[in-house]
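First up is the structure itself, then whatever we jot down about it.
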Number of protein chains: 2
Amino acid sequence: MSRTKARAALLQELEAAMRRSSAQGVLYGQTVANVAGIANSDLECMDILYLEGRVTAGRLAEVTGLTTGAITGVVDRLEKAGLVRRERDEKDRRKVYISVVPETAMKIGQLYVPMQQAMEKVFSAYSDEELRLLLRFATEGYKGVLAATEALKGLLDTPPEKRPDLKLKKLRR
Amino acid sequence: MSRTKARAALLQELEAAMRRSSAQGVLYGQTVANVAGIANSDLECMDILYLEGRVTAGRLAEVTGLTTGAITGVVDRLEKAGLVRRERDEKDRRKVYISVVPETAMKIGQLYVPMQQAMEKVFSAYSDEELRLLLRFATEGYKGVLAATEALKGLLDTPPEKRPDLKLKKLRR
DNA sequence: CTAAATCTCTTAGTGACTAAGATATATATC
DNA sequence: GATATATATCTTAGTCACTAAGAGATTTAG
């Protein structure tokens with residue numbers, strides 16, 4: 001087997017492995033939402049709030065791909081559960097900032113403990129240098145996926161009949 | 001800063017980076033489902049079928065965490081779209097095997113091309129040895145997440161009042 | 001042969017979503 | 001400063017995928 005062929009096989013295995021683990025990651029998230037008793041998108045928004053800090057309702061819609069109307073519902077539910085707070089922007093009173101209530105949100109955070117422990121255990125087998133490689137990959141991978149998402153969204157804006165031969169019409173509900 | 005503290009910081013960064021990229025992965029999947037015009041769970045099932053091959057309806061329910069009733073709906077929609085076929089098991093006629101229709105499912109596969117291209121580009125910057133490290137990590141990470149999911153599911157089966165101090169009752173709808 | 005178990009499907013009801021438009025506030029133009 | 005347009009969120013009506021419960025079909029155990 002040639003050297004390049006070995007690499008191709010490696011890449012394919014890698015793709016499958018990543019697909020599998022990311023699928024399992026999705027299932028973990030679903031389980032968290034289930035245990036917490038909140039909807040999946042609600043948890044997704046909590047995650048965004050955790051990563052981005054205080055964000056506007058519109059920004060949540062933008063990032064999640066939900067309509068602003070749906071976000072109103074998400075925030076209503078999260079607010080009722082005491083997980084977030086609505087705060088009107090004093091400078092631009094149309095805007096509503098959503099921020100987490102740390103004391104309550106902590107309880108959600110605890111549901112990630114099994115995951116963190118599992119990952120710590122995995123990480124413990126790697127040297128600092130190896131971890132830096134993984135970090136580099138995660139960072140670059142994120143950018144790649146982000147770009148790919150934008151590319152794919154581009155297809156949505158292209159009128160269906162002009163899309164490059166996917167012929168998806170028959171698949172639509 | 002001590003050596004262990006540096007590592008702790010590295011681990012934290014790594015966790016954030018992985019969280020971000022996996023969240024973006026979820027969004028990519030949502031976009032695929034959107035462009036294809038199928039529901040999110042329908043796509044998830046297509047993914048499972050791709051990874052596991054021909055599986056029973058019950059197995060789909062098990063892996064996705066949906067009820068068997070919901071799976072009936074998923075398979076109905078996928079079958080109507082021509083993406084899968086139902087096949088009764090001749091040996092045990094209660095079972096229904098679901099298998100993809102390759103010619104049609106290919107069209108869904110094409111929606112992953114932007115992602116594959118992005119990842120190829122990322123991978124191209126790594127040596128074979130580095131890729132092997134990534135593969136090892138993806139494989140171990142999968143096992144870790146799988147175990148963590150099971151651990152978390154365990155909480156669901158524990159009666160709420162016996163759960164280790166999460167006090168989630170107030171969060172339930 | 002009967003009872004229990006297993007696997008999928010059906011039904012009724014619920015909840016989260018979209019599309020469209022209402023409301024409130026901000027910015028631009030005259 | 002008044003009017004028109006733009007922006008940000010919320011409301012409403014309708015839709016679709018989900019769950020819970022149980023029915024139907026088949027297999028396995030006694």
Side-chain angles (χ1 to χ4, degrees), chain A residues 26-27 29-31 33-46 49 54-81 83-99 153 156 171-173, chain B residues 26-27 29-31 33-46 49 54-81 83-99 153 156 171-173:
Chain A
V26 172
L27 288 173
Q30 283 177 6
T31 309
N34 245 285
V35 175
I38 63 177
N40 231 293
S41 332
D42 298 10
L43 182 64
E44 194 186 343
C45 285
M46 288 299 291
L49 286 168
R54 196 162 161 273
V55 299
T56 65
R59 171 75 183 153
L60 281 182
E62 199 181 310
V63 177
T64 57
L66 296 178
T67 60
T68 58
I71 292 298
T72 300
V74 169
V75 177
D76 283 352
R77 289 189 298 272
L78 290 178
E79 197 172 36
K80 197 177 286 182
L83 290 166
V84 305
R85 227 190 309 269
R86 275 185 168 92
E87 290 161 10
R88 280 222 110 84
D89 185 344
E90 284 308 321
K91 296 201 170 175
D92 181 344
R93 298 191 44 76
R94 292 168 305 178
K95 287 185 185 167
V96 170
Y97 274 98
I98 319 296
S99 60
K153 269 188 189 159
L156 262 181
L171 301 182
R172 304 203 148 264
R173 279 163 296 195
Chain B
V26 172
L27 288 172
Q30 283 177 6
T31 310
N34 244 287
V35 174
I38 64 177
N40 231 294
S41 332
D42 298 10
L43 182 65
E44 194 185 342
C45 287
M46 288 299 291
L49 287 168
R54 193 161 162 274
V55 299
T56 65
R59 171 74 183 152
L60 281 182
E62 200 181 308
V63 177
T64 57
L66 297 178
T67 60
T68 59
I71 293 297
T72 300
V74 168
V75 177
D76 282 353
R77 289 190 297 272
L78 290 177
E79 198 171 37
K80 197 178 284 182
L83 289 167
V84 306
R85 227 189 309 270
R86 273 186 170 92
E87 289 161 11
R88 280 222 110 84
D89 185 343
E90 284 309 320
K91 297 200 169 176
D92 181 345
R93 299 190 43 75
R94 291 167 306 178
K95 288 186 185 168
V96 171
Y97 274 96
I98 319 296
S99 60
K153 269 187 189 159
L156 263 180
L171 301 181
R172 306 202 146 264
R173 280 163 296 194

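Reminder, nothing fancy here: chain letters follow the sequence lines and each chain counts from 1. Both backbone and side-chain heavy atoms feed into the values below; hydrogens, waters and symmetry mates do not.
The salt bridge (charged side-chain N to carboxylate O under 4.0 Å, His left out) check on B/R59 picks up B/E52, B/E62, with sequence neighbours excluded. Residues meeting the side chain to side chain donor-acceptor pair (under 3.5 Å) test with B/S99, sequence neighbours left out: B/E87. Judged as a side chain to side chain donor-acceptor pair (under 3.5 Å), and not counting sequence neighbours, the contacts of B/R86 are B/D76, B/E79. A/D92 is linked by a salt bridge (charged side-chain N to carboxylate O under 4.0 Å, His left out) to A/R94, counting only residues two or more places apart in sequence or in another chain.
Between its opening and closing five pairs, the helix from C/dC1-D/dG30 to C/dC30-D/dG1 changes axis direction by 20°, a value rounded to 10 degrees.
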In the 5'-to-3' direction, what one-character label does each nucleotide of nucleotides 18-27 of chain C receive under the scheme B = base within less than 4.0 Å of a protein heavy atom, S = sugar-phosphate only, - = no such atom? B-----BBS-
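Rounded to an integer number of Å, the gap from NZ of B/K95 to C1' of D/dG24 is 18 Å. As a whole-Å value, the separation of B/Q30 CD from C/dA16 P is 16 Å. One can place CG of A/L60 at 16 Å from C1' of C/dC17, the figure rounded to the nearest angstrom. A straight line from CG of B/D76 to P of D/dA17 spans 11 Å, rounded to a whole angstrom. Protein atom CZ of A/R77 is 17 Å distant from nucleotide atom P of C/dT14, rounded to whole Å. In this structure, A/I38 atom CD1 and C/dG15 atom C1' are separated by 15 Å, rounded to whole Å. Between the C1' atom of C/dA16 and the CD atom of A/E44 lies a distance of 13 Å, rounded to the nearest Å. Regarding A/N40, its CG atom lies at a distance of 15 Å from the C1' atom of D/dT19, rounded to whole Å.
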Verdict with reasoning, B/C45 to B/I71, per side-chain contact (heavy atoms from CB on, under 4.5 Å): CA-CA 9 Å; B/C45 287; B/I71 293 297; 4.3 Å; yes
For a side-chain contact (heavy atoms from CB on, under 4.5 Å) check, start with the C-alpha distance between B/S41 and B/T64, then their side-chain angles and the critical distance, and finish with the verdict. CA-CA 8 Å; B/S41 332; B/T64 57; over 6 Å; no
Under the criterion side-chain contact (heavy atoms from CB on, under 4.5 Å), I'd like the reasoning laid out for A/I98 against A/L60: C-alpha separation, chi angles, the key distance, then a yes or no. CA-CA 9 Å; A/I98 319 296; A/L60 281 182; 4.2 Å; yes
Evaluate the side-chain contact (heavy atoms from CB on, under 4.5 Å) criterion for residues A/V84 and A/M46: first the C-alpha distance (whole Å), next the side-chain angles of each, then the deciding distance (0.1 Å), finally the verdict. CA-CA 8 Å; A/V84 305; A/M46 288 299 291; 3.7 Å; yes
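Where B/G73 and A/S41 meet DNA chain C, the nucleotide closest to each residue was compared, and B/G73 sits on the side nearer the 5' end.
When heavy atoms are screened at a 4.0 angstrom cut-off, A/R86 is found touching the sugar-phosphate backbone but no base atom.
Contact check for A/N40 versus A/E44: no side-chain heavy atoms found under the 4.5 Å cut-off.
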